[in-house]
Amino acid sequence: RCNIPPMKLYHLTLNAKKISEGGFHNRAHRHPEDKEGVWFTDQLLDASDGIRKDMKVLIIDMPSKDIEKYEETNAGSGYRAFSIPDDIVNKCEMSWPTVYSDRGIWKING
């Protein structure tokens, strides 16, 4: 039996307090064929992806096999994106690490 480690997923938000207190809520996304859900990526994005320095990052770990069906159309972006239903995400353990920029590259502390 193969033991596949969980995939680390990132969500950036300006509403960290609201999410911490009330959980996530589904949102519609930019591609009509994608399902409503909470948007996550498989890597930490940066300013070139529209990320602002006042955003907070939330990290969850989920088994790869459980999230593949939620993968979004994201051709040419250089990262994988997922729209995961809020009822699944809200059951996950969430962490809010400190994010900082080191010579223009966003990194996570903790």
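All values below were derived from every heavy atom in this structure, side-chain atoms included, with hydrogens, water molecules and symmetry-related copies excluded.
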#### Entry: Side chains of Ile84 and Leu9 in contact at under 4.5 Å (non-hydrogen atoms)
yes

### Query
Quick one: does Met7's side chain get under 4.5 Å of Phe82's, heavy atoms only?
yes

Please report the closest heavy-atom contact between [X] and [Y], naming both atoms and the distance.
X: Ile60; Y: Cys92; value: CG2-CB, 4.0 Å
X: Val57; Y: Trp96; value: O-CE3, 3.4 Å
X: Ser83; Y: Glu36; value: OG-C, 3.5 Å

### Task
Would you give the length of the straight line joining atom CD1 of Ile67 to atom CZ of Arg80, rounded to the nearest 0.5 angstrom?
6.5 Å

#### Entry: CD1 on Ile19 to NE2 on His25, rounded to 0.5 Å
9.0 Å

#### Entry: Pairs satisfying salt bridge (Lys or Arg N to Asp or Glu O under 4.0 Å), at least one member in residues 14-24, at least two apart
Lys17-Glu21

### Glu93: partners by side chain to side chain donor-acceptor pair (under 3.5 Å), with sequence neighbours left out
none

### Task
For Thr13, enumerate each residue passing the side chain to side chain donor-acceptor pair (under 3.5 Å) test, keeping only those at least two apart in sequence or located in another chain.
none

#### Entry: Sidechain-backbone polar pair: Glu72 side chain, Trp39 backbone, donor-acceptor under 3.5 Å
no

#### Entry: Asn26 side chain vs Pro85 backbone, donor-acceptor pair below 3.5 Å
no

### Message
Students often mix this up, so state it plainly: with edges at 30° and 60°, are the rings of His11 and Phe24 parallel, tilted or perpendicular?
### Response
perpendicular

### Message
Consider side chain to side chain contact (heavy atoms under 4.5 Å, CB included). Of Leu58, Asp61, Ile59, which one does Met94 pass it with?
### Response
Leu58

